[in-house]
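The structure is given below, and queries will be raised subsequently.
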Amino acid sequence: MNFKKISIKAFGRYVPPRVLTNDELGEMVDTDDEWIYSHTGIRKRHISTGENTSDLCTKAARQALQHAGVAPEDVDIIIVTTSTPDYALPSTACLVQSGLGARKAFAFDISAACAGFIYALSVAEKMLRSPHYRNALVISGDVLSKIVDWSDRKTCVIFGDGSGAVLLSAAESYTDESFLISEDIHSNGDKAMSLFCGYKGVSNPFCAYEPGEGDKFINMDGRAIFDFVTRQIPISVNAALEKAKLGLNDIKLVVPHQANARIVEVVAKRMSCGMDKFALNIERYGNTSAASMPIAICELLETGRISLGSGDKYVLTGFGSGLTWGSLVIAM
């Protein structure tokens, strides 16, 4: 029987060149740099001025392939996680497949909001256990600026646009090894409307419900989300560590979804560890949804804090609309 070793080969990222600062936002809505930073930890974010989600995802994926030295035609699986697809159909993943020229790959989207990267890594790892597949691209990307109400200071200050990608590869090995050591993944649809965004659809004569103007943008119960995350994420991280038979001292870093620096501070306190255990870059990017984790990992690779092939262990943890959340213990 052939065993498969599934490993992380490379990461890639892309953010639009246009930077929107807190000072600029202060000219658009009733806010300022001090208020935004004190409440979120954000100083600036990147905003698309024309590129769509598939454009961002294609560029991040292409960078990951270049870093790995893998040709697009050698990719078997493409999974895109997004809350802002280019179209209701086709899938964004199919547009990325075309953009890359990955003719052999099959492609599909996963909708799990800011936890999408966690969900997709889990799915891709299990698919690579099949004898039929060798290389999988997992890409998270969003152009959240197109669903933000730019007159609502509670939400418009938080979000940014960007994409991150990872290439996973499987190879025959004498031992059944995987970068994914353990996982803890959940959903709670009872709380779904704590964070939602409606479709910008046309009028439907057969539908009794027509979405209001406010439904077309991100609507968020900030307090409910804060309470949910700060309560559940420490539980999830500890559950994933327990399944891995590891403790926080065995982990080099926790890479959380970059939703709000204040949320991460509370999570760290409830886990009885310092902020130096958590990777944060939200100051420069804002909340880029599921892309925030691979973007952060790319920066950590560039600065040498993470080294692929080192075997060092990390926790990835994400949370978002759905409600969806989860944690992975992985080895680099």
Side-chain angles (χ1 to χ4, degrees), residues 11-16 48 50-65 70-128 130 132-148 159 161-168 185 187 189 192 195-202 204 211 216 218 257 288-295 318 320-322 324 326:
F11 282 87
R13 63 168 173 150
Y14 178 77
V15 292
S48 172
E51 293 173 301
N52 216 333
T53 301
S54 64
D55 300 314
L56 273 58
C57 289
T58 299
K59 291 178 180 179
R62 186 175 291 121
Q63 186 183 86
L65 291 174
V70 172
E73 54 266 28
D74 291 328
V75 176
D76 302 294
I77 304 165
I78 297 174
I79 304 175
V80 169
T81 82
T82 184
S83 299
T84 58
D86 291 17
Y87 306 100
L89 53 93
S91 72
T92 301
C94 283
L95 300 177
V96 173
Q97 183 223 27
S98 175
L100 291 173
R103 306 297 178 214
K104 189 176 74 171
F106 67 91
F108 62 97
D109 290 357
I110 287 179
S111 177
C114 301
F117 190 65
I118 298 292
Y119 276 52
L121 279 178
S122 175
V123 170
E125 191 261 356
K126 291 163 184 61
M127 294 186 76
L128 285 175
S130 162
H132 305 295
Y133 312 124
R134 182 175 180 184
N135 294 309
L137 272 171
V138 171
I139 315 156
S140 293
D142 274 298
V143 180
L144 294 167
S145 57
K146 66 183 181 182
I147 60 170
V148 166
F159 298 102
D161 301 335
S163 181
V166 61
L167 178 71
L168 307 177
I185 303 176
S187 302
L195 177 54
F196 74 94
C197 177
Y199 280 106
K200 296 184 177 180
V202 297
N204 181 353
K216 299 176 182 179
I218 294 174
H257 164 45
T288 55
S289 190
S292 71
M293 280 174 281
I295 289 173
S321 176
T324 56

Can you check whether A112's main-chain N or O pairs, donor with acceptor, with T324's side chain at less than 3.5 Å? yes
For D55, check salt bridge (charged side-chain N to carboxylate O under 4.0 Å, His left out) against everything at least two apart and list the hits. none
Between D86 and S54: side-chain donor-acceptor atoms closer than 3.5 Å: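 Side-chain D/A pair, D86 to S54: present.
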Any C94 side-chain heavy atom under 4.5 Å of Y87 side chain: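 No, side chains not in contact.
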Indicate yes or no for a side-chain donor-acceptor contact from S163 to the backbone of S140 under 3.5 Å, with no hydrogens or angles considered.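 Pair found, side chain donor or acceptor close to backbone of S140.
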Is P72 close to L65 at the side-chain level, that is, under 4.5 Å between some pair of heavy atoms?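 Yes, their side chains come closer than 4.5 Å.
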N/O donor-acceptor pair under 3.5 Å between T81 side chain and I110 backbone: no
OG on S48 to CG on L56, rounded to 0.5 Å: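 It comes to 6.0 Å.
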Ignoring hydrogens, what is the shortest heavy-atom contact between M293 and G318? Give both atom names and the distance.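 Taking every non-hydrogen atom into account, CE-CA, 3.9 Å.
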Closest heavy-atom contact between A124 and I79?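 For A124 and I79, the tightest heavy-atom pair comes out as CB-CD1, 3.9 Å.
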Got F117 and V166 here, is their nearest side-chain heavy-atom distance under 4.5 Å? yes
Which heavy atom of C57 sits nearest to which heavy atom of I139, and what is that distance?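 Looking at all heavy atoms of both residues, the shortest contact is CB-CG2, 3.6 Å.
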Measure from the side-chain N and O atoms of R13 to the backbone N and O of G162, and report whether any donor-acceptor pair falls under 3.5 Å. no
Inter-residue atom distance L168.CG - L137.CG, 0.5 Å rounding: 8.5 Å
Could you list all the salt bridge (charged side-chain N to carboxylate O under 4.0 Å, His left out) pairs where at least one residue sits in residues 112-126, not counting sequence neighbours? E125-R129, K126-E183
Return yes if some donor-acceptor pair links the side-chain N/O of D76 with the main-chain N/O of N135 below 3.5 Å, else return no. yes
What heavy-atom pair brings M127 and Y133 nearest, and what distance separates the two atoms?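 Of all heavy-atom pairs spanning M127 and Y133, the closest is O-CD1, 3.4 Å.
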Measure the spacing between CD1 of I78 and OG1 of T92 and express it to the nearest 0.5 Å.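 Reported to 0.5 Å precision, the distance equals 12.0 Å.
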How about K146 and T53: do any of their side-chain heavy atoms sit closer than 4.5 Å? yes
H257 side-chain N/O to S289 backbone N/O, donor-acceptor pair under 3.5 Å: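 At least one qualifying donor-acceptor pair exists.
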Would you mind reporting whether D142 and T288 have side-chain heavy atoms less than 4.5 Å apart? no
For I118 and L121: C-alpha separation, side-chain torsions, deciding distance, then whether side-chain contact (heavy atoms from CB on, under 4.5 Å) applies. CA-CA 5 Å; I118 298 292; L121 279 178; 5.6 Å; no
Could you tell me whether the side chain of D161 and the main chain of S145 form a donor-acceptor pair under 3.5 Å?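 Yes; judged by distance alone, with no hydrogens or angles, the pair exists.
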Atom of N52, atom of V143 and distance for their closest heavy-atom approach: C-CG2, 3.7 Å
Is Q97 reaching over with its side chain to a backbone N or O of A105, donor-acceptor style, under 3.5 angstrom?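 Here the side-chain-to-backbone pair exists.
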What are the two closest heavy atoms between A102 and V75, and how far apart are they?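 Shortest heavy-atom contact: CB-CB, 4.4 Å.
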